[in-house]
Amino acid sequence: QVQLVASGGGLVQAGGSLRLSCAVSGGTFSRLALGWSRQPPGKEREFVAAISRSGKDFDYAESVKGRFTISRDNDKRTVYLEMSNLKPEDTAVYSCAARPTILSVPATRDYDYWGQGTQVIVSS
């Protein structure tokens, strides 16, 4: 029922910035805990960032803390991932995900719905 479409990926130089967007349809957006994960070429998917349905609780992978920022816009039904000081190791397909919640809880790393993802390539 919940569909997510990520966009904004591209080719950037190391040290550059990029903002990814994820449009969400279906479900009650304000009740969705949201997050981003990534899958580098030839590697397993890894958690990147999460935001609670309230938009006040956050969770980041240690590798991106201080460089990435997750946010949400309930009116636009969109979750964002702002990336700065990008490194070659950030190269991956980034996907957004959602989990409907019954109560207001902290950001989660577990999801029920996943998007296709958008590719980010960081050149050295």
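Among residues two or more places apart in sequence or in another chain, the side-chain hydrogen bond (donor to acceptor under 3.5 Å, both in side chains) test is passed with Ser54 by Ser52. Not counting sequence neighbours, the partners of Arg99 by the side-chain hydrogen bond (donor to acceptor under 3.5 Å, both in side chains) test are Asp112. Partners of Val105 by side-chain contact (heavy atoms from CB on, under 4.5 Å), not counting sequence neighbours, listed by chain and number: Thr101, Leu103. Scored by the salt bridge (Lys or Arg N to Asp or Glu O under 4.0 Å) test, Glu82 finds no partners at all (sequence neighbours excluded). Judged as a side-chain contact (heavy atoms from CB on, under 4.5 Å), and not counting sequence neighbours, the contacts of Val12 are Leu18, Leu86, Val122. Residues passing the side-chain hydrogen bond (donor to acceptor under 3.5 Å, both in side chains) test with Asp73: none are found, sequence neighbours excluded. With sequence neighbours excluded, the residues satisfying side-chain contact (heavy atoms from CB on, under 4.5 Å) with Ala98 are Val2, Leu4, Leu32, Leu34. With sequence neighbours excluded, the residues satisfying side-chain hydrogen bond (donor to acceptor under 3.5 Å, both in side chains) with Glu62 are Lys65.
When all heavy atoms of Pro88 and Ala14 are compared, the pair lying nearest together is CD-CB, 4.2 Å. Here the closest heavy-atom approach between residue Ala49 and residue Leu81 is recorded as CB-CD1, 4.1 Å. The heavy-atom pair separating Pro41 from Ala92 by the smallest distance is CD-CA, 4.5 Å.
Its side chain within the 4.5 Å cluster rule, Trp114 clusters with Phe47, Tyr111 among the Ile, Leu, Val, Met, Phe, Trp and Tyr residues. The hydrophobic cluster containing Ile121, built from Ile/Leu/Val/Met/Phe/Trp/Tyr side-chain heavy atoms closer than 4.5 Å, also comprises Leu11.
Using a 4.5 Å cut-off on side-chain heavy atoms (C-beta onward), Val120 and Leu20 make contact. Side chains of Thr78 and Val24 form no contact here, defined as non-hydrogen atoms less than 4.5 Å apart. Side-chain contact between Arg53 and Ser104 is present, with at least one heavy-atom pair separated by less than 4.5 Å.
Using a distance-only test at 3.5 Å, with no hydrogens or angles considered, a donor-acceptor pair links the side chain of Asp57 to the main chain of Ala107.
Identified under the side-chain hydrogen bond (donor to acceptor under 3.5 Å, both in side chains) test for residues 18-34, with sequence neighbours left out: none. For residues 40-49, the pairs satisfying salt bridge (charged side-chain N to carboxylate O under 4.0 Å, His left out) are Arg38-Glu46, with sequence neighbours left out.
Annotation: Gln3, atom CD; neighbour count of heavy atoms from other residues, nucleotides and ligands within 6.0 Å does not exceed 12.
Linking Ile, Leu, Val, Met, Phe, Trp and Tyr whenever their side-chain heavy atoms come within less than 4.5 Å leaves Val79 and Val93 in two separate clusters.
Geometrically, Arg72 engages Phe29 in a cation-pi contact defined by less than 6.0 Å to the ring centre and at most 45° from the axis.
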